[in-house]
Amino acid sequence: MLKDVKRIQWNKTADHLVPCVVQDYYSSQVLMLGYMSEASLLKTLKIKKVTFYSRSKKRLWTKGETSKNFLHLIDWGYDCDYDAILIFAKADGPTCHTGTTSCFRMHQLPFWLTLSELKQTIAQRSKTMPNDSYTAKLFKSGVKRIAQKVGEEGVEVALAAMTNDADELINETCDLIYHTLVLLQAKKIDIMKISETLRKRMK
């Protein structure tokens, strides 16, 4: 690991900093762009929380040290020129100081990002269990009822396909995906396990 740190071209710029892009581990959404020094990367690897060099504060700065919205290191790498860093992290909360998930604004969200945000919302409902939430009501009903709903929605998807009603098929597919994510959350199965299994099947 230390060997990889030494490969970075820290001396390529006068301030000995390189840009670092942080992506969400689950969705691959770009969360933020910061700058790292060799010391900040070493600290990131040591404490497993993404740490930058703050050009305004002139010191090492661990993301979340004030807000507590830390970025927990999962993996990292560098580009072919060894002058940029890419990090995959799990976020404790909103990354941007404005309260949004990402510091970047997109006009249209891709499917995988919508799926990731839905997963996060479902996980949050399972913790807070608000009284007016249908998702919380499902969790209270238990795994057996949630599994039953998945079965019902699967049948609805098949029926919608048979009637050649595109809008109905889209709506029922959304219901099936939602209830499946609720079931995975109830069974404490990480959606990344589904991704890993699908990737293995593609080989």
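Hydrogens, waters and symmetry mates play no part in the numbers below; they use all other heavy atoms, side chains included.
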Open item on the list: With a 3.5 Å distance limit and no angle check, can you tell me whether Lys187 reaches the backbone of Leu184 through a side-chain donor-acceptor pair?
Closed with: no

Task: Val150 versus His179, closest heavy-atom pair with distance - done: CG2-O, 3.5 Å

Task: Single-linkage hydrophobic cluster Leu45~Ile74, side-chain heavy atoms < 4.5 angstrom - done: no

Task: With Lys12, the salt bridge (Lys or Arg N to Asp or Glu O under 4.0 Å) member among Asp81, Asp79, Asp83 - done: Asp83

Open item on the list: Hydrophobic clustering (ILVMFWY, side-chain heavy atoms < 4.5 Å, transitive) - are Val143 and Ile191 grouped together?
Closed with: yes

Open item on the list: I'd like to know if Glu153 and Lys149 make a salt bridge, using a cut-off of under 4.0 Å between side-chain N and carboxylate O.
Closed with: yes

TODO: Mind listing the closest non-hydrogen atom pair of Asn69 and Gly93 along with its distance?
DONE: OD1-CA, 3.6 Å

Task: Co-membership, hydrophobic cluster, residues Leu33 and Val30, 4.5 Å side-chain - done: yes

- [ ] Please indicate whether Arg105 has more than 12 foreign heavy atoms, meaning atoms of other residues, nucleotides or ligands, lying under 6.0 Å from its CZ.
- [x] yes

TODO: Check side chain to side chain donor-acceptor pair (under 3.5 Å) between Thr62 and all other residues, then give those that pass, not counting sequence neighbours.
DONE: Thr51

Task: Contacts of Lys57 that satisfy side-chain contact (heavy atoms from CB on, under 4.5 Å) - sequence neighbours left out - done: Ser54, Arg59, Trp61, Glu65

Open item on the list: Among Leu42, Val50, Ile8, which residue satisfies the side-chain contact (heavy atoms from CB on, under 4.5 Å) criterion with Met36?
Closed with: Val50

Open item on the list: To the nearest 0.5 Å, what is the distance between NZ on Lys193 and CD on Glu196?
Closed with: 5.0 Å

Open item on the list: Hydrophobic clustering (ILVMFWY, side-chain heavy atoms < 4.5 Å, transitive) - are Ile47 and Phe52 grouped together?
Closed with: no

Open item on the list: Ignoring hydrogens, what is the shortest heavy-atom contact between Trp10 and Ile85? Give both atom names and the distance.
Closed with: CH2-CD1, 4.0 Å

TODO: Would you mind listing the cluster partners of Tyr35? Hydrophobic ones only (ILVMFWY), side-chain contacts under 4.5 Å, chaining allowed.
DONE: Leu17, Tyr53, Leu60

Open item on the list: Looking at Val157, is its backbone amide N or carbonyl O close enough to the side chain of Glu172 to form a donor-acceptor pair, meaning the two atoms are under 3.5 Å apart?
Closed with: no

Task: Listed partners of Glu38 passing side chain to side chain donor-acceptor pair (under 3.5 Å), at least two apart - done: Lys6

Open item on the list: How close do Met129 and Ala136 get, counting heavy atoms only, and between which atoms?
Closed with: CE-O, 3.5 Å

TODO: Determine whether Leu31 and Tyr25 fall in the same hydrophobic cluster, where Ile, Leu, Val, Met, Phe, Trp and Tyr are linked whenever their side-chain heavy atoms lie under 4.5 Å apart.
DONE: no

Open item on the list: I'd like to know if Glu152 and Arg145 make a salt bridge, using a cut-off of under 4.0 Å between side-chain N and carboxylate O.
Closed with: yes

Open item on the list: Let me confirm one number: the CG-CD1 distance from Leu115 to Ile177, rounded to the nearest 0.5 Å.
Closed with: 6.5 Å

Task: Residues forming a side-chain contact (heavy atoms from CB on, under 4.5 Å) with Arg7, sequence neighbours excluded - done: Lys3, Asp4, Tyr78, Tyr82

Open item on the list: Just to verify, what does Ser116 make a side chain to side chain donor-acceptor pair (under 3.5 Å) with, not counting sequence neighbours?
Closed with: Gln120

Open item on the list: Looking at every heavy atom in both Asp24 and Phe88, which two are closest together, and how far apart are they?
Closed with: O-CD2, 3.8 Å

